[in-house]
Undergrad: 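Following this message is one structure expressed as structure tokens.
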Amino acid sequence: MRLLISDANVLIDIEEGELVSVLFRLPHRIATPDILFFDELESHHPDLPEAGLELLPMSGDLIDEAGRQAAAYSAPSRYDMLALVLAREQGCVLLTGDNPLRKLASEQGVEVHGTLWLVEQMLGEQLLSQDEARAAYERMRSRGSRLPWERALRRLEGL
């Protein structure tokens, strides 16, 4: 099972699309830094750990490294840096839709994917039909997700 470390925005997209139960049926471990969950997600998305989200503890050294990186760049946020530092330390995939974070992760040799890739994984594993994916994208869009909608629908049609 591959470990995927997610920032907050991907998890929010998945929840807005009502795909949480499908997400945790993928053959991956989905995790986030514990601090990120408690500070950014817990108040509005408290059921994610019960659904299958792993909360990984951050050592003092990793927190310090995230702080140094946050100080060195105007974007991404400190919480996004926690996800990046943890993904790099674990040698695993980072899930994010944040463009500055995607760019920095790529520069640091971290494999990066986002919400569209996750939905495509769900389709590939036959956990979701194209109609269900389209409906999930519509829910995400109507609830304020900022995905590249034209590209999302074009890729969906190409599958």
Side-chain angles (χ1 to χ4, degrees), residues 2-33 35-37 39-49 51-56 66 69-70 73-88 90 92-159:
R2 208 167 165 196
L3 176 62
L4 312 176
I5 303 293
S6 184
D7 71 358
N9 72 0
V10 169
L11 293 169
I12 293 167
D13 285 344
I14 293 298
E15 194 158 63
E16 295 296 345
E18 299 175 15
L19 295 174
V20 171
S21 65
V22 180
L23 175 67
F24 295 109
R25 289 180 20 225
L26 284 170
H28 304 298
R29 292 174 48 213
I30 314 291
T32 199
I35 298 168
L36 185 151
F37 176 78
D39 289 358
E40 288 201 322
L41 293 167
E42 184 179 36
S43 63
H44 292 23
H45 312 278
D47 297 332
L48 287 171
L53 180 67
E54 295 180 39
L55 305 182
L56 298 182
Q69 289 212 21
Y73 298 94
S74 59
S77 75
R78 178 177 160 270
Y79 291 107
D80 287 341
M81 289 297 192
L82 289 168
L84 170 58
V85 167
L86 184 58
R88 192 180 65 225
Q90 294 288 323
C92 65
V93 172
L94 174 66
L95 298 173
T96 185
D98 182 89
N99 285 330
L101 184 58
R102 289 176 82 90
K103 182 176 186 251
L104 185 58
S106 292
E107 289 171 3
Q108 294 184 11
V110 175
E111 184 179 347
V112 183
H113 296 291
T115 302
L116 302 186
W117 181 83
L118 279 176
V119 170
E120 290 165 6
Q121 294 289 299
M122 293 171 194
L123 286 160
E125 293 290 329
Q126 299 180 338
L127 300 172
L128 200 62
S129 71
Q130 281 193 336
D131 288 341
E132 290 168 327
R134 192 174 291 103
Y137 281 154
E138 287 305 318
R139 285 189 294 272
M140 289 178 204
R141 179 186 277 185
S142 72
R143 295 171 182 169
S145 292
R146 297 176 309 223
L147 295 173
W149 296 113
E150 210 173 288
R151 184 172 45 153
L153 296 174
R154 189 172 54 248
R155 284 171 57 168
L156 185 58
E157 295 305 320
L159 296 176

Undergrad: Taking only residues two or more places apart in sequence or in another chain, which ones pass salt bridge (charged side-chain N to carboxylate O under 4.0 Å, His left out) with R155?
TA: E120

Undergrad: Between CD of E157 and CD of Q130, what distance do you get to the nearest 0.5 Å?
TA: 6.0 Å

Undergrad: Which heavy atom of R102 sits nearest a heavy atom of V112, and at what distance?
TA: CG-CG1, 3.7 Å

Undergrad: Testing the basics here: between L41 and A8, what is the closest heavy-atom pair and its distance to 0.1 Å?
TA: CD2-CB, 3.9 Å

Undergrad: One pair to check against side chain to side chain contact (heavy atoms under 4.5 Å, CB included): H113 and L118. What are the steps and the verdict?
TA: CA-CA 8 Å; H113 296 291; L118 279 176; over 6 Å; no

Undergrad: What's the spacing between L36 CG and M81 CE if we round to 0.5 Å?
TA: 13.0 Å

Undergrad: Any idea which heavy atoms bring P76 and P100 closest together, and the distance?
TA: CG-C, 4.0 Å

Undergrad: Regarding R143 and E18, does a basic nitrogen lie under 4.0 Å from an acidic carboxylate oxygen?
TA: yes

Undergrad: Any side-chain to backbone donor/acceptor pair from S6 onto T32? Under 3.5 Å, distance only.
TA: no

Undergrad: R88: which residues meet the side chain to side chain contact (heavy atoms under 4.5 Å, CB included) condition with it, sequence neighbours left out?
TA: E65, Q69, V85, Q108, V110

Undergrad: Tell me the closest heavy-atom pair linking G17 and R139, and the distance in Å.
TA: O-NH2, 2.8 Å

Undergrad: Just verifying a value: how many Å separate L104 CG and N99 CG, rounded to the nearest 0.5 Å?
TA: 12.5 Å

Undergrad: Got Y137 and L116 here, is their nearest side-chain heavy-atom distance under 4.5 Å?
TA: yes

Undergrad: Is there a side-chain contact between P33 and I5 in this structure, where contact means two heavy atoms from C-beta onward sitting under 4.5 Å apart?
TA: yes

Undergrad: Has T96 got a side-chain atom pairing as donor or acceptor with D98's backbone, closer than 3.5 angstrom?
TA: yes

Undergrad: Hey, could you give me each pair passing salt bridge (charged side-chain N to carboxylate O under 4.0 Å, His left out) that has a residue in residues 20-33? Not counting sequence neighbours.
TA: R29-E54

Undergrad: Between D80 and Y73, does the side chain to side chain contact (heavy atoms under 4.5 Å, CB included) criterion hold? Intermediate values first, please.
TA: CA-CA 12 Å; D80 287 341; Y73 298 94; over 6 Å; no

Undergrad: Would you indicate whether the side-chain heavy atoms of N9 and R146 approach each other to under 4.5 Å?
TA: no

Undergrad: Quick check for you: to the nearest 0.5 Å, what is the distance between T115 atom OG1 and E16 atom CD?
TA: 11.0 Å

Undergrad: Do K103 and E107 sit within salt-bridge range, that is, some charged N less than 4.0 Å from a carboxylate O?
TA: yes

Undergrad: Would you say that L55 contacts L48 through its side chain, given a criterion of any heavy-atom pair below 4.5 Å between the two side chains?
TA: no

Undergrad: Might you work through the side chain to side chain contact (heavy atoms under 4.5 Å, CB included) test for L11 and F37, ending with a clear yes or no?
TA: CA-CA 10 Å; L11 293 169; F37 176 78; over 6 Å; no

Undergrad: Any side-chain heavy atom of L53 sitting closer than 4.5 Å to one from V20?
TA: no

Undergrad: Kindly indicate, with the supporting measurements, whether the criterion side chain to side chain contact (heavy atoms under 4.5 Å, CB included) is fulfilled by L26 and M122.
TA: CA-CA 7 Å; L26 284 170; M122 293 171 194; 4.2 Å; yes

Undergrad: State, to 0.1 Å, how close D7 and G97 come at their nearest heavy-atom pair, and which atoms those are.
TA: OD2-N, 4.1 Å

Undergrad: Heavy atoms, side chains only, cut-off 4.5 Å: are R2 and C92 in contact?
TA: no

Undergrad: List the atom of L19, the atom of M140, and the distance in Å for their closest heavy-atom pair.
TA: CD1-CE, 3.8 Å

